[in-house]
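Scroll down for the structure; my scribbles are underneath it.
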Amino acid sequence: MSRFAARSRVLFWEEPCHIAGLEQPGLHVETCAATGMTVITPQLPEGDRGGDRERLKALLDLLLAGEEGPFVRWYYTPMMLPFSDHVMADCIVYDCMDELANFKGAPPELLPLEQRLLSQADLVFTGGYSLYEAKKDRHGHVYPFPSSVDAAHFAKARSSQPGRHGGRPRLGFYGVVDERMDVELLAMLADARPDWDVEIVGPVVKIGEADLPRRDNLHFTGGRSYEELPACVAGWDVALMPFAINDATRFISPTKTPEYLAAGRPVVSTPIADVVRQYGQIEAVRVAEPGDAFIRACDEALALSASGGSWLAEADKMLAGMSWDRSFQQMSRLIRDAMSRGVHSHPIVSPTNWKSEGPHHYDVMVVGAGFAGAVMAERLAADGDKKVLLVDRRSHIGGNAYDEMDGAGVLIHRYGPHIFHTNSQEIFDYLSRFTQWRPYEHRVLAAVGDLLVPMPINRTTLNSLYGLNLRTEEEAAAFLTAQAEPVAVVRTSEDVVISAIGRTLYETFFRDYTRKQWGLDPSELDKAVTARVPTRTNVDDRYFTDRFQAMPLEGYTRMFERMLDHPNIDVLLGVDYCEARDAYPHDHLVFTGPIDEYFGYRFGKLPYRSLDFRHVSLDVDRFQPVAVVNYPAPGVPYTRITEYKHLTGQKVAGTSITYEYPAAEGDPYYPIPRSENQQLFKRYEALAMVQSDVTFVGRLATYRYYNMDQVVGQALATYRRMAKAAAGPVAPAAPSRPLAQPLSSAG
């Protein structure tokens with residue numbers, strides 16, 4: 001906030017103080033000398049607090065009288081919403097630093113208020129990646145901001161040598177001591193190493209003094225100011241983060257991690273998810289389970305601290321991209337973009353009050369705002385002149401093709417890379433109504449040992465992998481033929497590959513990648529899976545060879561916005577269609593969700609494969625030579641890394657990448673192609689065929705492994721069939737008279 005205050009007027013509204021004997025509510029207003037922020041503390045009479053909301057609302061209105069915009073309402077807690085949500089704002093920010101509902105003593109109204117704030121907010125910032133994962137599907141514009149650091153401030157500690165306390169090692173922690181602290185671990189550490197001193201700096205909150213462990217070498221020294229923290233760390237050999245593993249710490253991303261590193265101290269932490277994810281691979285941070293493993297990690301960190309500062313170079317490289325100045329710049333850009341988007345960031349029909357608006361009759365309700373649903377809605381509205389309500393349980397349009405600007409200013413795909421390609425002139429022309437295109441030919445490399453080789457396999461791949469000099473397609477074909485193993489009947493994905501290129505290439509590129517991607521061995525999957533990836537004897541390194549290959553110039557989301565910008569289309573986001581289906585009467589339903597879900601899983605769930613994504617911004621111009629690098633090795637937990645600047649052509653500082661992790665649970669992404677799954681689907685398909693008032697369209701509704709263009713083509717064809725059926729049978733035309741027919745007939 002201090003950086004915003006340097007450029008704008010920042011009013012920081014504190015929790016109210018209740019003062020005994022105070023007759024009238026008032027405001028204590030002062031300017032912070034260090035930051036320039038105006039700090040406002042409401043002062044309310046002690047006693048009955050039932051009228052606090054109206055008193056605070058009146059005080060806020062009094063404060064804002066005469067203030068000129070633009071206004072940004074910025075919330076650190078949803079508890080501030082009830083008395084302030086009437087204030088008109090150009091942008092509303094929910095800065096979600098912790099999952100407050102998981103904290104001890106959280107008020108019961110916090111979760112409903114958070115849902116209300118999410119429905120109003122233009123932007124949601126989260127204090128780390130775990131919290132981002134928890135919130136990303138609840139709002140269309142969620143951005144992770146892991147802890148930043150004022151490195152120069154904490155680097156003051158580096159000028160002091162640790163171990164000043166009589167030669168005894170000193171390990172320390174600063175921060176609030178509450179239910180997030182593993183006090184039993186502190187006692188265990190103090191008992192196991194009586195020749196060490198353990199210093200805990202910070203206020204004790206929600207823990208009774210009697211519950212704190214007391215040892216001669218365990219010191220609770222109270223709070224310190226931010227300015228005093230470097231001096232505290234200067235006296236430590238090792239910095240500690242002895243957090244309990246509980247609901248209150250599930251989503252935390254401790255700011256103190258980079259601060260300790262900036263101060264030049266190795267860190268020992270319990271396995272907090274965001275610490276493991278962001279710092280677990282560097283030498284300076286040791287992560288260990290509470291107990292003996294934690295104590296051993298402290299021994300290792302103490303030895304590292306005494307070994308000199310060579311390990312600091314790795315930590316400093318990481319810290320270089322974590323400044324508060326950079327976070328401020330990224331947040332400022334997102335706020336400017338949100339203001340320029342205006343109403344585009346909000347659903348046309350508000351998900352917070354739609355039930356009270358009274359019944360609206362629609363010709364068609366379309367469920368799902370991805371490609372299938374958006375194309376159907378657009379065609380029904382624009383060509384069929386139907387009144388359409390488009391419903392999606394997510395808080396954004398675009399389905400899995402949804403893209404958004406991240407905190408680094410890079411247009412990323414929230415649900416993994418979506419590369420448009422098609423051989424269909426009709427499909428390309430249709431989508432061209434809603435977007436201009438950026439020419440782009442997709443290239444993929446596979447990491448094999450120390451090599452990055454083209455994928456699909458081509459002549460370059462073979463030469464690099466085997467040290468060959470194959471110069472012609474004939475030579476490459478002959479080599480592959482020699483590798484191939486005959487398979488009597490090709491039934492599975494394994495059969496497809498081995499019969500074409502042999503077992504060695506199969507094991508190098510396909511076997512383990514497929515196992516990770518699908519959770520099944522290729523021998524258990526339909527042959528269509530690996531048949532999608534060809535093998536080439538030329539040097540064409542394009543992943544696709546389709547006639548049309550391009551990316552939407554302004555992104556997929558902007559394309560969807562234009563597609564749905566029609567007076568006959570209303571959009572309802574963040575609401576399950578089961579609720580909306582009864583609230584909004586309609587004549588026909590177009591369903592693009594999972595077909596088994598529609599029928600209440602009557603025959604059991606259809607198997608799907610899901611994905612998890614880890615989005616990361618880096619302070620480098622380029623991370624990898626192409627947009628996507630595959631990782632087929634079994635020891636690598638992710639299947640691929642995507643770098644988006646290759647796709648967008650953006651010229652911005654830094655870059656953004658996504659690690660993609662296949663998962664058995666989560667949102668359904670890929671129908672698993674096995675014969676038994678198709679047999680189960682056929683049972684649901686039989687039910688669907690007799691639903692005269694419902695049309696099923698899309699990958700999930702028809703349980704097909706479709707590309708994007710195929711989904712568009714299916715939706716266009718489905719609409720044509722619906723339009724033809726609605727028109728009814730065409731009366732046969734009267735037969736025309738043959739030219740040679742006489743004017744009169746004999747008889």
Using the side-chain contact (heavy atoms from CB on, under 4.5 Å) rule, take Val590 and Leu380 through it: C-alpha gap first, then chi angles, then the decisive distance, then the call.
CA-CA 10 Å; Val590 172; Leu380 287 161; 4.3 Å; yes
Between [atom1] of [X] and [atom2] of [Y], what distance do you get to the nearest 0.5 Å?
X      : Y      : atom1 : atom2 : value
Thr639 : Gln517 : OG1   : CD    : 5.0 Å
Tyr608 : Asp596 : OH    : CG    : 5.0 Å
Phe544 : Glu441 : CZ    : CD    : 11.5 Å

With a 4.5 Å cut-off on side-chain heavy atoms, are [Y] and [X] touching?
X      : Y      : result
Tyr143 : Tyr132 : no
Tyr94  : Leu118 : yes
Glu597 : Lys605 : no
Glu660 : Ile641 : no
Asp587 : Val364 : no
Lys645 : Val652 : yes
Ile672 : Tyr670 : no
Asp122 : Val93  : no

Do [X] and [Y] have their ring centres less than 6.0 Å from each other?
X      : Y      : answer
Tyr76  : Trp13  : no
Tyr661 : His615 : no
Phe4   : Phe328 : yes
Phe420 : Phe548 : no
Tyr669 : Trp518 : no

Among side-chain atoms of [X] and [Y], is any donor-acceptor pair under 3.5 angstrom?
X      : Y      : answer
Asp403 : His418 : no
Ser130 : Asp274 : yes
Thr718 : Arg721 : yes
Ser327 : Ser148 : yes
Tyr584 : His586 : no
Gln329 : Arg3   : no
Arg73  : Tyr75  : yes
Thr658 : His413 : no
Asn400 : Arg699 : no

Going by an N to O cut-off under 4.0 Å, is there a salt bridge joining Arg326 and Asp619?
yes
Is Lys136 paired with Glu404 through a side-chain N to carboxylate O contact shorter than 4.0 Å?
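Here Glu404 does not pair with Lys136 in a salt bridge, since their nearest N and O are not under 4.0 Å apart.
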Does [X] reach the main-chain N or O of [Y] with its side chain, forming a donor-acceptor pair under 3.5 Å?
X      : Y      : result
Glu643 : Phe623 : yes
Tyr684 : Arg602 : yes
Gln710 : Asn707 : yes
Gln691 : Asp693 : no
Tyr598 : Gly593 : no
Gln714 : Gly698 : yes
Arg558 : Phe434 : no
Gln650 : Gly409 : yes
Asn423 : Arg547 : yes
Asp406 : Ile412 : no

Any idea how [X] and [Y] line up, ring-wise: parallel (<30°), tilted (30 to 60°), or perpendicular (>60°)?
X      : Y      : answer
His139 : His141 : perpendicular
Phe681 : Tyr703 : parallel
Phe428 : Trp437 : parallel
Phe125 : Phe145 : perpendicular

Axial cation check for Tyr577 ring with Arg394, 6.0 Å and 45° limits:
no
More than 12 heavy atoms of other residues, nucleotides or ligands under 6.0 Å from [atom1] of [X]: yes or no?
X      : atom1 : answer
Gln436 : CD    : no
Gln425 : CD    : yes
Arg277 : CZ    : yes
Arg622 : CZ    : yes

Let's go through Ser656 and Val616 carefully: what are the C-alpha distance in whole Å and the side-chain angles of both, what is the deciding distance for side-chain contact (heavy atoms from CB on, under 4.5 Å) to 0.1 Å, and is it a yes or a no?
CA-CA 6 Å; Ser656 296; Val616 179; over 6 Å; no
Please table the atom pairs, donor to acceptor, closer than 3.5 Å between any side-chain atom in residues 366-377 and protein atoms at least two apart or in another chain.
none

Report the C-alpha separation of Arg138 and Glu114 in whole Å, then their side-chain angles, then the decisive distance to 0.1 Å, and conclude whether the salt bridge (Lys or Arg N to Asp or Glu O under 4.0 Å) test is met.
CA-CA 11 Å; Arg138 299 180 62 192; Glu114 181 182 63; 3.2 Å; yes
Checking salt bridge (Lys or Arg N to Asp or Glu O under 4.0 Å) for the pair Glu554/Arg562: CA distance, chi angles, key distance, verdict?
CA-CA 11 Å; Glu554 297 174 82; Arg562 292 195 182 99; 2.4 Å; yes
Any residue meeting side chain to side chain contact (heavy atoms under 4.5 Å, CB included) with Lys387, in chain and number order, not counting sequence neighbours
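Expected list: Tyr362, Asp363, Asp570.
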Show, in sequence, the C-alpha distance, side-chain angles and deciding distance for Lys386 and Asn568, and conclude whether the side-chain contact (heavy atoms from CB on, under 4.5 Å) test is met.
CA-CA 7 Å; Lys386 303 294 185 183; Asn568 282 352; over 6 Å; no
In sequence, state the C-alpha distance, the side-chain angles, and the governing distance for Leu131 and Tyr129, and then conclude on side-chain contact (heavy atoms from CB on, under 4.5 Å).
CA-CA 5 Å; Leu131 204 50; Tyr129 290 111; over 6 Å; no
Taking salt bridge (charged side-chain N to carboxylate O under 4.0 Å, His left out) as the cut-off, I'd like each qualifying pair that reaches into residues 415-432, sequence neighbours left out, listed once.
Glu426-Arg720
